Amino acid sequence: MKLFLPPLPVSIIIPICNELENIPLLYQQLRQVMHDSGRDYELIFVDDGSTDGSTQTLAELSQREASVRVIEFRRNFGQTAAIQAGIAHSRYDYLVTIDGDLQNEPGDIPMLLDKLDEGYDLVHGWRKDRQDPWLSRKLPSFVANCLISTVTRFPVHDLGCTLKAMRRQIATELELYGEMHRFIPILAHYHGARCVEVETRHHPRHFGTTKYGLDRTLRVVLDLLTVKYMISYFGSPMKFFGKLGLLAMGVGVVVFFALVGMKLWGGVNMTGNPFLLLSCVSMFASLQFFSMGVLGEIAARIYYAVGKATSSGKKSFSIRHLHNMDSVDTRSMSRPPFIDSKVNRVA
C-alpha cells in the first residue's frame with residue numbers, strides 16, 4: 001500500500017533593497033507559482049534599509065495578504081543579514097531564497113523543491129545563461145567561482161545565484177555573518193548536507209539598479225580565506241598555525257647554519273650579515289605562529305564546550321518593525337518543532 005503525503009509548506013525569503021517597481025510583479029509571480037504547486041507557503045520580504053518607498057509598499061502588501069510577512073531593518077545590513085533574519089523568522093521546514101530584482105525565475109522554485117523531496121538537503125541554482133553585462137558581472141563571477149571551487153574543492157559553477165532551496169534543519173546550523181550568503185552551499189556541505197546544483201533561468205534587470213560592482217571581487221577573495229580556514233582548520237587551528245610555525249622555524253634554522261658556514265669557511269662578518277636578521281625574524285615568527293595556534297586551540301575548545309549558548313542572542317542585524325509576524329523569541333529555537341521533511345516520500 002502506498003501512502004501519499006501532501007507536499008510540505010515552504011517559506012520563501014526575499015531580500016529587498018530599493019526594489020519598488022519589482023515588488024508587485026514579483027509577488028504576483030510567486031503567488032501564481034506557489035498556487036499552481038499546491039503547497040502552503042509564506043513570503044518573507046526582508047526590507048534591507050530601502051529608501052525608495054519599498055518599505056511602505058511592503059507594509060501595505062502585508063496588511064492585504066496574510067501570506068506576506070515583512071521584516072523591516074533599521075538600516076542596510078546586507079544580503080547575508082537579510083537571509084539570516086528570514087531564516088530566523090521562518091515557520092516552515094522547506095526554505096527558498098530568491099532575489100527581489102526579478103532576475104531569478106520564480107517558476108524554477110517547484111523544480112528545486114522536488115529535489116528536496118528526493119532527499120537532498122540543499123539545492124542551489126546555476127545561472128548558465130546569465131543575462132548580465134559580460135565585463136562587469138559575468139567575467140568577475142566566472143573568475144571568482146573558479147577560484148572558490150579550486151580552493152575549497154567544492155565543484156560549483158555559480159555561487160552568486162541567490163535562488164536556493166534548503167531544509168530548515170540545515171539552514172539553522174549555518175552561522176551567517178559578513179557576506180557569507182554566497183558560500184551557503186559550501187558551508188552546508190561542510191556540515192554534511194547533500195547538495196546539488198541545477199540549471200535555473202535568468203532574466204535581465206528591467207527596474208532598479210544593481211547593488212554589486214567590481215569591488216565585490218576583492219571582498220569575495222577575502223571571504224574565501226575565511227571560509228577556507230573555517231572548513232579546513234576551524235576545529236584544529238594548530239594544524240594551520242603549526243605548519244606556518246614549522247616553516248618559519250625551518251627557514252630560521254637553515255639560514256642560521258648557512259650563516260655559520262659563511263663565517264667559518266668564508267670569513268664573512270656575522271654582525272653585518274642580513275642573514276642574521278632573517279634568521280632571528282624567522283625564529284620569532286615561528287614562536288608567534290605556535291602561540292597563535294595554542295590560542296586558537298583554546299578558543300575552539302571553549303566554542304565547542306559552551307556551544308552557541310553565549311552567542312545565540314547576537315545577530316548581525318537590527319529590526320525596526322515586524323509585519324504579520326508572531327511574537328516568537330527565535331533565539332530559543334535551536335530546533336523548531338516542525339515536521340521533519342524527510343518523511344515526505346512515498347512509502
Side-chain angles (χ1 to χ4, degrees), residues 10 12-19 21-34 36-37 43 79-80 82-83 94-118 120-166 179 181-186 188-189 194-217 219-221 223-224:
V10 185
I12 302 178
I13 302 167
I14 311 106
I16 294 292
C17 182
N18 296 331
E19 302 288 357
E21 297 90 347
N22 292 319
I23 291 173
L25 298 175
L26 178 61
Y27 167 70
Q28 294 295 336
Q29 292 182 25
L30 288 172
R31 186 178 68 170
Q32 185 62 49
V33 167
M34 296 313 300
D36 294 341
S37 72
L43 304 180
Q79 189 170 357
T80 299
I83 292 176
Y94 277 4
L95 305 180
V96 170
T97 60
I98 186 172
D99 269 332
D101 55 11
L102 286 177
Q103 291 195 264
N104 292 142
E105 172 56 54
D108 289 333
I109 292 178
M111 174 184 61
L112 272 62
L113 297 176
D114 289 341
K115 285 293 183 180
L116 292 184
D117 288 338
E118 293 177 12
Y120 289 101
D121 298 307
L122 185 143
V123 187
H124 50 105
W126 171 19
R127 299 165 294 180
K128 189 173 183 179
D129 186 21
R130 185 172 177 179
Q131 304 298 309
D132 279 325
W134 183 84
L135 182 61
S136 61
R137 300 294 300 279
K138 296 173 70 173
L139 178 60
S141 178
F142 174 77
V143 173
N145 283 309
C146 290
L147 178 63
I148 293 171
S149 181
T150 301
V151 172
T152 63
R153 298 181 181 178
F154 181 80
V156 65
H157 294 90
D158 186 10
L159 275 178
C161 182
T162 304
L163 184 57
K164 299 179 181 69
M166 69 193 90
E179 297 187 9
H181 65 275
R182 61 176 61 90
F183 295 100
I184 286 179
I186 296 177
H189 176 72
R194 294 184 59 198
C195 304
V196 64
E197 186 178 51
V198 297
E199 294 183 16
T200 57
R201 288 168 286 181
H202 193 249
H203 305 293
R205 176 184 273 273
H206 295 292
F207 304 103
T209 57
T210 181
K211 314 303 185 298
Y212 299 103
L214 290 174
D215 62 322
R216 183 181 64 164
T217 305
R219 301 200 301 268
V220 170
V221 173
D223 287 338
L224 176 60

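Computed from a predicted structure; not experimentally measured.
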Query raised in the report: Got a sec, which residues hit ring pair (Phe, Tyr, Trp, His ring centres under 6.0 Å) with H189, two or more places apart in sequence or on another chain?
Result: F154
Requested in this report: Side-chain contact test, heavy atoms from C-beta onward, threshold under 4.5 Å: evaluate it for V156 versus P185 and give yes or no.
Outcome: no
Query raised in the report: Quick one: side-chain contact (heavy atoms from CB on, under 4.5 Å) partners of E199, sequence neighbours excluded?
Result: W126, K128
**Report entry** Taking every non-hydrogen atom, the tightest pair across I14 and G100
**Finding:** CG2-CA, 3.7 Å
Requested in this report: Determine yes or no for a side-chain-to-main-chain donor-acceptor pair under 3.5 angstrom, with D99 supplying the side chain and D101 the backbone.
Outcome: no
**Report entry** Side-chain H-bond candidate by donor/acceptor type, H202 with E105, under 3.5 Å
**Finding:** no
Requested in this report: Would you check if D223 and R182 make a side-chain contact, meaning some heavy-atom pair closer than 4.5 Å?
Outcome: yes
Report task. Mark yes or no for whether S37, through its side chain, and P110, through its backbone, hold a donor-acceptor pair below 3.5 Å. Result -> no
Query raised in the report: side-chain contact (heavy atoms from CB on, under 4.5 Å) with P106: which residues, sequence neighbours excluded?
Result: L26, Q29, L30, V33, I98
Query raised in the report: Between T97 and I13, is there a donor-acceptor pair closer than 3.5 Å when you use the side chain of the first and the backbone of the second?
Result: no
Query raised in the report: Between atom CG of L113 and atom CD of E118, what is the distance when rounded to the nearest 0.5 Å?
Result: 11.5 Å
Requested in this report: Using the test side-chain contact (heavy atoms from CB on, under 4.5 Å), find all partners of P204 that sit at least two apart in sequence or belong to another chain.
Outcome: Q131, H206
Requested in this report: Evaluate the criterion side chain to side chain contact (heavy atoms under 4.5 Å, CB included) for residue pair E19 and R205; output intermediate values, then yes/no.
Outcome: CA-CA 11 Å; E19 302 288 357; R205 176 184 273 273; 3.1 Å; yes
Query raised in the report: Is there side-chain contact between V96 and L112, with heavy atoms separated by less than 4.5 Å?
Result: no
Requested in this report: Determine, step by step, whether D121 and R194 satisfy the salt bridge (Lys or Arg N to Asp or Glu O under 4.0 Å) criterion, reporting the C-alpha distance in whole Å, the side-chain angles of both residues, the deciding distance to 0.1 Å, and the verdict.
Outcome: CA-CA 5 Å; D121 298 307; R194 294 184 59 198; 5.8 Å; no
Query raised in the report: Are any of the side-chain heavy atoms of H124 and D158 separated by less than 4.5 Å?
Result: no
Query raised in the report: Can you list the residues that meet the side-chain contact (heavy atoms from CB on, under 4.5 Å) rule with F207, with sequence neighbours excluded?
Result: E21, N22, L25
Requested in this report: Take M111 and T200 through the test side chain to side chain contact (heavy atoms under 4.5 Å, CB included) and record every step on the way to the result.
Outcome: CA-CA 9 Å; M111 174 184 61; T200 57; 4.2 Å; yes
Query - Contact summary for C161 and R127, nearest pair of heavy atoms - result: N-NH2, 3.5 Å
Query - Approximate separation, where rounding is to 0.5 Å, of T80 OG1 and F183 CZ - result: 9.5 Å
Query raised in the report: Can V10 and L95 be said to form a side chain to side chain contact (heavy atoms under 4.5 Å, CB included), step by step?
Result: CA-CA 6 Å; V10 185; L95 305 180; over 6 Å; no
Report task. Kindly state each residue pair satisfying side chain to side chain donor-acceptor pair (under 3.5 Å) with at least one member in residues 143-155, sequence neighbours excluded. Result -> S141-N145
Report task. State the CG-OG1 distance between N104 and T162, to the nearest 0.5 angstrom. Result -> 6.0 Å
Query raised in the report: With side chains defined as the heavy atoms from C-beta onward, is the minimum distance between I109 and M34 less than 4.5 Å?
Result: yes
Requested in this report: Please examine the side chains of H203 and L102, heavy atoms only from C-beta on, and report whether any two atoms are closer than 4.5 Å.
Outcome: no
Query raised in the report: If you round to the nearest 0.5 Å, how far is CG of L122 from CE of M166?
Result: 5.5 Å
Query raised in the report: Looking at side-chain heavy atoms only, is the closest gap between I184 and I186 below 4.5 Å?
Result: no
Report task. Begin from the C-alpha positions of K164 and E197 and carry the test salt bridge (Lys or Arg N to Asp or Glu O under 4.0 Å) through to its verdict. Result -> CA-CA 9 Å; K164 299 179 181 69; E197 186 178 51; over 6 Å; no
